[in-house]
Structures are given as structure tokens and as C-alpha cells.
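One structure is given below, encoded as C-alpha cells.
Quick note: numbers below take in every heavy atom, side chains included, and nothing from hydrogens, waters or symmetry partners. All chains are named by letter (A, B, ...) in the order of the sequence lines, taking the proteins before the strands, and each is independently numbered beginning at 1. This structure is a prediction, so every number in the text was calculated from the model and none was measured.
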There are 2 protein chains.
Amino acid sequence: MEKIEQAIQDIYADDVAMCYGCGRLNESGHHFRTGWDGENTVTFFTPKPEHTAIPGFVYGGMLASLIDCHGTGSASLFLHKKNGHVIGDGAEPPRFVTASLKVDFLKPTPHGIPLKAVGMVTEIHPKKFKVETNVYADEDIVASGEVIAVVMPKSFGSKED
Amino acid sequence: MEKIEQAIQDIYADDVAMCYGCGRLNESGHHFRTGWDGENTVTFFTPKPEHTAIPGFVYGGMLASLIDCHGTGSASLFLHKKNGHVIGDGAEPPRFVTASLKVDFLKPTPHGIPLKAVGMVTEIHPKKFKVETNVYADEDIVASGEVIAVVMPKSFGSKED
């Protein structure tokens with residue numbers, strides 16, 4: 001599997017599809033797209049030439065961004081499925097925000113090859129999910145991460161939060 | 001204090017000054033610059049219009065990137081000072097890489113105002129430092145983070161690592 005056919009970000013509501021990491025409507029963004037691969041969730045990304053740490057290696061902030069959006073996307077996939085939906089049935093998926101993000105950088109990440117983030121989702125509360133992710137460059141796990149994702153409050157960003 | 005006069009990234013060796021986050025020689029990058037403010041380290045950054053999560057709020061991956069490079073920059077400032085140097089004395093500062101990054105997103109981060117990352121460095125090993133950072137939007141702490149930064153091995157990225 002090297003391409004996501006059906007990504008959860010493809011069906012986010014328009015008003016929450018502007019994320020710099022994964023929003024399909026953000027013209028300047030990374031356009032991360034997350035889908036199922038069996039029981040796991042998967043996001044592919046090939047960093048651009050400028051996304052370097054030192055020449056030849058990928059910028060850690062880019063890996064953190066990948067793990068972050070892969071986390072919220074994975075949680076959305078998981079809860080959408082739990083709610084009885086599949087991508088394409090017309091139902092709007094839940095949108096998540098990141099409560100916390102942890103990344104361990106395990107190896108220098110070679111630049112110029114596609115990266116593959118593979119995630120596993122665990123429910124820790126009906127509105128809170130843990131997503132554990134490994135990022136692969138070819139066969140090597142170059143980074144691992146954990147995201148705690150929570151359902152985006154309807155009041156997100158309002159003073160009433 | 002609203003501007004960094006002397007940033008450690010200004011004096012990184014050219015061959016390690018290409019970081020997408022903080023490299024002065026990366027034309028497309030964020031150009032984070034980190035300096036001293038008393039006993040603390042400080043980095044300012046104003047996200048670009050496209051760096052959104054949902055409209056009106058800053059992308060979490062951008063905050064993670066800020067905390068990441070602020071961490072390595074702070075560790076470099078700290079060790080350079082410990083080694084008896086000041087920015088401008090002609091000595092090349094140590095360059096760090098991130099071993100791990102943790103970010104807690106505490107509040108939605110309003111877009112369009114300068115963010116201020118304030119860090120405190122602790123030595124946990126002669127080549128390994130912990131940097132605890134709070135990110136402020138005006139008076140609010142919107143995110144907090146912890147970076148474990150290690151001195152970049154001379155062999156970084158080589159197969160001998």
C-alpha cells in the first residue's frame with residue numbers, strides 16, 4: 001500500500017479543512033491524508049527540498065507535524081467508524097484537536113524518500129483518544145510519537161471555552 | 001524585550017545553518033532566532049497567514065516546531081556560555097539535535113500576534129540538556145514543552161552512527 005484512496009481529511013467539513021498540516025483547503029499546507037490500512041492508520045508524506053535539518057536529513061518539526069496531524073486524523077477515522085460510518089456515506093466525521101504531542105527522534109531521517117506514518121488508536125475516554133505512531137523511512141523506524149487527541153469543542157476558540 | 005539582538009543561530013557554522021526551522025541559510029524556513037533574556041532564553045515568532053489550525057488559530061505543528069528549535073538553540077546558548085564564550089567572540093557554538101520533544105497545547109493560540117517562547121535550560125549530562133519552554137501569546141501561556149537536546153555527533157547522519 002503506497003497511496004491513501006480514502007482519507008478522512010477529504011471529508012472534513014469545509015470550515016475545519018484549513019489546517020496547515022492536513023487541510024485540503026489550505027493551499028500552502030502539507031496536505032497530509034490519513035486512511036485505514038487494516039487495523040492501522042496510515043499517512044504518507046514526502047518532505048520538500050527545503051524541509052531539512054542539516055543537508056540530507058529531514059527537519060524534526062516536519063516529523064512532529066506529520067505525527068500531530070496523523071494523530072488527529074487517526075482519531076477521527078476511529079471514532080467515525082465506531083459511530084457506524086464509512087468514508088463516502090455522506091456523514092460528517094468528528095474533528096479532533098491535539099491536547100498533547102510527544103515525539104522521540106530515533107534516527108536521522110534521510111531526505112528524499114517517502115515517509116510512512118503508521119498509527120494505532122486507543123480510546124481512553126469517549127471524547128479522548130491516544131494515537132501511537134511510528135514513522136518509517138523505508139524499513140527503518142526513524143521516529144515514534146504519541147498524540148492525545150480530543151474531540152474539538154463546538155466552542156473551540158471562543159472566549160467561553 | 002521584543003527583539004533578539006544576538007541570536008545563537010546567527011553564528012552556527014554554515015554547514016549546520018540550513019535547518020527549516022532555525023537555519024539562517026534556509027531561504028524558505030522560519031528563521032527562528034534564540035537569545036538570552038536574563039537567565040531565560042527567548043525566541044519570537046509571528047506565524048504567517050497560512051499557519052492556521054482552524055481559521056483564526058495557530059497550527060499546532062508550528063508551535064511544536066518553535067519549541068523544537070527553541071530547545072536546540074537554548075541548549076547551544078547554554079553550553080556556549082558554559083564553555084566561556086559569548087556571541088561575537090568568534091568561537092563556533094555547539095550544535096544540538098533533538099532527542100525528544102513534548103508539547104502540551106493548553107489553549108487555542110490566536111493567530112496574528114507575535115508568539116514568545118521562553119525557555120529554561122538544565123544540564124542532565126555534559127552532552128545532554130533539558131529545555132523547558134512556555135509559549136506566550138500576549139499574557140497567556142498557550143503551550144508548554146520540553147525538549148531533550150543532545151550535542152550533534154560529528155558522525156550525524158553517517159552509517160557509523
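Residue B:Y12: no heavy atom, backbone or side chain, is found under 4.5 Å from chain A. If you measure heavy-atom distances from B:Y59 to chain A, the contacts under 4.5 Å come from the side chain alone. For B:N26, the part sitting under 4.5 Å from any heavy atom of chain A is the side chain, from C-beta outward, and nothing else. For A:A99, the part sitting under 4.5 Å from any heavy atom of chain B is the backbone (N, CA, C, O) and nothing else.
Residues B:V118 and B:I141 share a single hydrophobic cluster, defined by chaining ILVMFWY side chains whose heavy atoms lie under 4.5 Å apart. Hydrophobic cluster membership differs between B:I148 and B:L66, with clusters built from Ile, Leu, Val, Met, Phe, Trp and Tyr side chains linked at under 4.5 angstrom. Both A:V151 and A:V131 are members of a single hydrophobic cluster when ILVMFWY side chains are connected at heavy-atom separations under 4.5 Å. B:I87 and B:F96 end up in the same hydrophobic cluster when Ile, Leu, Val, Met, Phe, Trp and Tyr side chains are linked at under 4.5 Å. Cluster membership check: B:V150 shares its hydrophobic cluster with A:I54, using side-chain heavy-atom separations under 4.5 Å among Ile, Leu, Val, Met, Phe, Trp and Tyr.
Formation of a donor-acceptor pair under 3.5 Å by the A:T52 side chain with backbone atoms of B:M18 is found in this model.
Heavy atoms only, all atoms of each residue included: B:D68 and A:G60 are closest at OD2-C, 3.7 Å.
Counting heavy-atom pairs under 4.5 Å between each of A:A17, A:G21, A:G23 and chain B puts A:G21 at the top. Comparing B:K102, B:R95, B:K107 by heavy-atom pairs within less than 4.5 Å of chain A, the highest count is held by B:K102. Each of B:D15, B:V16, B:V103 has some count of heavy-atom pairs under 4.5 Å with chain A, and the biggest count is that of B:V103. Ranking A:A64, A:G56, A:A53 against chain B, the residue ahead of the rest is A:A53, based on heavy-atom pairs under 4.5 Å. The candidate from B:L106, B:V97, B:D104 with the greatest count of non-hydrogen atom pairs under 4.5 Å with chain A is B:D104.
Between A:L101 and B:F105 the shortest side-chain heavy-atom distance falls below 4.5 Å.
With values rounded to the nearest 0.5 angstrom, A:H51 atom NE2 is found 4.0 Å from B:Y20 atom OH.
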